[in-house]
Amino acid sequence: MLNKLIVFSSIVVTHFLGFGQIPPGYYDHAAGLSGTELKAALNDIIQEHVQFPYTSRDTDIWDILKHTDQDTIDTNNVVLLYSGWSKNGALEYDGGNGWSREHVWAKSRGAFGTKPGPGTDAHALRPADVTVNSARNNRWFAECNEEYVDGDGATGSYRSSSQWVWKPRDEVKGDVARMIFYMATRYEGENGEVDLEVIDSIPSDNKTNLPIHAKLSDLYKWHLEDPVDDWERRRNDIIYYHYQKNRNPFIDHPEFVESIWGD
């Protein structure tokens, strides 16, 4: 059974002292820069990170998400991105009865699948309800107004019957925007990696495998409407200190979004 508990940032409890504290000197290379120069500098800072497998007997994405998205009230559970519901973390997929690992930057948008790198980057992977994740599919992110309701109830997330788009619930729409901005900054086509770009239009071909995601202006608006909260800061620290050793700069410095995409 799903525990329909929405976890708000005000009750977040940290696992270690000083969460949200940026390591001294981490962003020195980006000081005073803006636009494409800032984006390139941030890429240099965050691109060398420890990579983990999608599924393994050793530490994998299942294990990382149980830590990064742990329900701070019921610590056996994880909080699901698009619904806010709480689910037993130990279940993992469980034949569709558990939860799934959602690629916020849809893995078909660049066809990187679940390979180490963009396919296993914990900064843009989140737990999701299985059927809600299926409903999101690889829809673009943009404004829409038809609330998605599945067999477990209303989710607070939205889709459209006329466009292939999805809008996350208000509590996480800024989180989603900053994850998309992270991916477009981290993966710039170097060392054989895919070059991901955010665009400001909805492509006519919903099945395209081009390394693009939309819609920039709506994502930028969501970033402003749903500012960084303690949940994101805690998650950023866990990924940095315990796993990948890199950070999402748009959580540490939300003003970087405007410096790069504000115009």
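FYI, side chains are in, hydrogens and waters are out, and symmetry mates aren't considered; it's all heavy atoms of this structure.
Taking the side chain as every heavy atom from C-beta outward, W140 and S201 never approach each other to under 4.5 Å. Looking only at side-chain heavy atoms (C-beta outward), L219 and V198 come within less than 4.5 Å of each other. Taking 4.5 Å as the limit, every side-chain heavy atom of W99 sits out of range of all side-chain heavy atoms of N88. A heavy-atom distance below 4.5 Å is not found between the side chains of C144 and W166. Considering only heavy atoms from C-beta on, I239 comes within 4.5 Å of R235 through its side chain. Between V132 and W85, the closest side-chain pair of non-hydrogen atoms falls below 4.5 Å.
Checking N138, V104, I180, L196 one by one against H213, the side chain to side chain contact (heavy atoms under 4.5 Å, CB included) holds for a single residue, I180.
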Show me the donor-acceptor pairs, under 3.5 Å and distance only, between side chains in residues 36-49 and residues at least two apart or in other chains.
from, atom 1, to, atom 2, distance (Å)
K39, NZ, A184, O, 3.0
K39, NZ, E188, OE1, 3.2
K39, NZ, E188, OE2, 2.7
N43, ND2, T185, O, 3.0
N43, ND2, R186, O, 2.9
H49, NE2, R186, NE, 3.4
H49, NE2, Y187, OH, 3.4

Hey, can you pull the donor-acceptor pairs under 3.5 Å for the side chains in residues 202-211, sequence neighbours left out?
from, atom 1, to, atom 2, distance (Å)
D205, OD1, K207, N, 2.9
T208, OG1, L210, N, 3.1

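Residues satisfying the salt bridge (Lys or Arg N to Asp or Glu O under 4.0 Å) criterion with D218, sequence neighbours excluded, are absent altogether. Taking E143 as the reference, K167, K221 meet the salt bridge (Lys or Arg N to Asp or Glu O under 4.0 Å) condition, with sequence neighbours excluded. Among residues two or more places apart in sequence or in another chain, the salt bridge (Lys or Arg N to Asp or Glu O under 4.0 Å) test is passed with R109 by none. Contacts of D170 classified as salt bridge (Lys or Arg N to Asp or Glu O under 4.0 Å), with partners at least two apart in sequence or in another chain: K173. Residues passing the ring pair (Phe, Tyr, Trp, His ring centres under 6.0 Å) test with F52 are Y243, sequence neighbours excluded. Partners of Y220 according to the ring pair (Phe, Tyr, Trp, His ring centres under 6.0 Å) rule, which considers only residues two or more places apart in sequence or in another chain, do not exist here. By the ring pair (Phe, Tyr, Trp, His ring centres under 6.0 Å) test, W261 pairs with F181, F250, sequence neighbours left out. Annotation: ring pair (Phe, Tyr, Trp, His ring centres under 6.0 Å) contacts of H103 (sequence neighbours excluded): Y54.
In this structure, N137 CG and S108 OG are separated by 7.5 Å, a value rounded to the nearest 0.5 Å. Here the NZ-OG1 distance, from K66 to T75, works out to 13.5 Å after rounding to the nearest 0.5 Å. The line from OH of Y158 to CZ of R139 is 15.0 Å long, rounded to the nearest 0.5 Å. To the nearest 0.5 angstrom, T72 atom OG1 is 11.0 Å from N77 atom CG.
Annotation for L125 and G119: closest pair CD1-O, 3.8 Å, computed over non-hydrogen atoms. For the pair T120 and I61, the tightest heavy-atom approach, listed with the atom from each and the gap, is O-CD1, 3.2 Å. Taking each heavy atom of P53 and T59 in turn, the nearest pair found is CD-O, 3.5 Å.
Among residue pairs with one or both ends in residues 97-106, those qualifying as salt bridge (Lys or Arg N to Asp or Glu O under 4.0 Å) are E102-R136; sequence neighbours excluded.
A donor-acceptor contact shorter than 3.5 Å is absent between the side chain of N236 and the backbone of R247. Judged purely by atom type and a 3.5 angstrom limit, H123 uses its side chain to pair as donor or acceptor with the backbone of N246. A donor-acceptor pair under 3.5 Å links the side-chain atoms of E146 to the main chain of S161, judged by distance alone. D74 places a side-chain N or O within 3.5 Å of a backbone atom of N76 that can act as its donor or acceptor partner.
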Going through the distances and angles, do D121 and Y182 end up as a side-chain hydrogen bond (donor to acceptor under 3.5 Å, both in side chains)?
CA-CA 10 Å; D121 196 317; Y182 164 86; 2.7 Å; yes

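Side chain to side chain, T55 and D60 fail the donor-acceptor criterion of an N or O pair below 3.5 Å.
In this structure, R234 does not pair ionically with D237, as no charged nitrogen and carboxylate oxygen lie closer than 4.0 Å. Using a 4.0 Å cut-off between a side-chain N of Lys or Arg and a carboxylate O of Asp or Glu, K87 and D129 do not qualify as a salt bridge.
I251 forms part of a hydrophobic cluster together with V228, judged by ILVMFWY side-chain heavy-atom separations under 4.5 Å.
In this pair, Y82 and F141 present their aromatic rings tilted. The plane angle is within the 30 to 60° band.
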